[in-house]
2 protein chains.
Amino acid sequence: MIADMSIDFQERADNLIRQTGERATSGRIRVLAMLLAEQRPVSHQEIEERLRGKSRLNRVTLYRILDWLNDKCLVHRIVSDDRVWRFRANNDLRTHRHAHFKCTRCTRVMCLDDMKAEYDRPLPAGYRPLEVELTVKGLCAECV
Amino acid sequence: MIADMSIDFQERADNLIRQTGERATSGRIRVLAMLLAEQRPVSHQEIEERLRGKSRLNRVTLYRILDWLNDKCLVHRIVSDDRVWRFRANNDLRTHRHAHFKCTRCTRVMCLDDMKAEYDRPLPAGYRPLEVELTVKGLCAECV
DNA sequence: GCTATCATTGCAACCAAGTTGCATTTACTA
DNA sequence: TAGTAAATGCAACTTGGTTGCAATGATAGC
């Protein structure tokens, strides 16, 4: 079962990457498959550890793969006050206009998929909004 | 006029720091006075440049002073996706439960004082919120 | 006002996350 | 199946921030 699932993610990743019209390299596929399987925001460091064992990806290459996946909207990037980026697969097209929760004890970040990142008051005159980030910080259920 | 104002900020900074009951050092006073005069979020680097000329503060000391001012709630710290902290004086006690705007072109950050950082949906069961961060990103009036 | 004391400062060295330039390898195209 | 541009790996670098420790300085007690 587990094995089947992993093959499935591999295949989905491969398809998604090919749909961009650019090269489907093994690195890109492995990283995206892993993120598809996780379904939560994962840091560069965690990904590196997770991928260890199999032919290891270079650190720089991993940064570049994550950038690329982000450019192609296959993943989204979440920033947090620990100055670390986390990445999460965009499984469908209702992408990332949602809020995030950051646990200040275990440092994990989760997507609050059904809480929209929005604001209600007008911006100062002349300002053009492009993106909104809403992060709730506190303790998650396991750390509380 | 300008000179008077600067003396005024110096004095206000001095008072605020003494009210904490801890030591009123020249570094703390200079940094807080500068922030009181600015009334906008300023990065460590900017502060360092601004304070250049007068007897220069050590880089590490400045980090420590900013941490200290933050601990004492005399300033608040704003995080942003460029992994740079910015600091703004808390002029009164209606402190920092407000949103921020980050210009993606000039990289400046401003406080949206009358936009509250809040959320409307419930968190997952067992989660305890402690703080909320809301950042609107886009182009400011000067960069649009 | 002077001195002792402990917090604060400065220095040097360090760390972690992320980036750049360039030579090598690899996925795709013809 | 070979040629080619794109992707990768490596080494070195940058930026923002931190740590340990010795030197300095603000304040309390006299």
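Each chain gets a letter, A, B and so on, in the order its sequence line appears, and its residues count up from 1.
Using a 4.0 Å cut-off, some side-chain N or O of B:Arg28 falls inside it from OP1 or OP2 of C:dT8. Dashed line: the shortest gap from a side-chain N or O of B:Thr25 to OP1 or OP2 of C:dT8 is not under 4.0 Å. Distances shown here put a side-chain N or O of B:Arg18 below 4.0 Å from the OP1 or OP2 atom of D:dT27.
Distance, A:Ile17 CD1 to D:dA6 C1': 15 Å, rounded to whole Å. The separation between B:Leu32 atom CG and C:dT8 atom C1' is 17 Å, rounded to whole Å. Rounded to an integer number of Å, the gap from CZ of A:Arg83 to P of C:dC15 is 15 Å. A straight line from CD1 of A:Ile65 to P of D:dA6 spans 17 Å, rounded to a whole angstrom. Distance B:Leu66 CG to C:dT8 P: 15 Å, rounded to the nearest Å. Rounded to whole Å, the distance from CZ on A:Arg30 to P on D:dT8 is 11 Å. In this entry the distance linking CG of B:Leu69 with P of C:dA7 reads 18 Å, nearest Å. Here D:dT15 presents its C1' atom at 15 Å from CG of B:Asp81, a figure rounded to the nearest Å.
Of the listed nucleotides (C:dC11, D:dT18, C:dT20), D:dT18 has the atom at the smallest distance from the side chain of B:Trp85. Across C:dG18, D:dC10, C:dT8, the shortest atom-to-atom separation from the side chain of B:Trp68 is found for C:dT8. For B:Arg64, counting side-chain heavy atoms from C-beta on, the closest listed nucleotide (D:dG20, C:dT19, D:dG9) is D:dG20. Counting only heavy atoms from C-beta on, A:Tyr63 has its side chain closest to C:dG18 among C:dC22, C:dG18, C:dT9. Taking the side chain of A:Asn58 as heavy atoms from C-beta on, and the options D:dC10, C:dG10, D:dT18, the nearest nucleotide is D:dC10. Each of D:dG25, D:dT8, D:dA6 was ranked by its minimum atom distance to the side chain of B:Arg23; first place goes to D:dG25. Here the side chain of A:His44 is nearest to one of C:dT8, C:dG18, C:dA13, namely C:dG18. Of the listed nucleotides (D:dT27, D:dG9, D:dT19), D:dT27 has the atom at the smallest distance from the side chain of B:Ala24. Taking the side chain of A:Val60 as heavy atoms from C-beta on, and the options C:dC6, C:dT19, D:dT8, the nearest nucleotide is C:dT19.
A:Tyr127 meets the ring pair (Phe, Tyr, Trp, His ring centres under 6.0 Å) test with B:Phe101; sequence neighbours excluded. Under the rule for a salt bridge (charged side-chain N to carboxylate O under 4.0 Å, His left out), A:Glu48 has no partner lying at least two apart in sequence or in another chain.
Counting distance only, with no hydrogens placed and no angle test, the side-chain atoms of B:Arg59 and the base atoms of D:dG17 include a donor-acceptor pair under 3.5 Å.
The number of heavy atoms from other shown groups lying within 6.0 Å of NZ (A:Lys72) is above 12.
Relative ring orientation between A:His98 and A:His76 is described as perpendicular, the plane-to-plane angle rising above 60° on a 0-90° scale split at 30° and 60°.
Using modelled atom types and a 3.5 Å distance limit, the side chains of A:Thr135 and A:Lys102 yield no donor-acceptor pair.
For the pair B:Glu46 and B:Arg40, the salt-bridge criterion is met [side-chain N within less than 4.0 Å of a carboxylate O].
Comparing B:Leu62 and A:Glu22, the nucleotide of DNA chain C nearest to each residue sits closer to the 5' end for B:Leu62.
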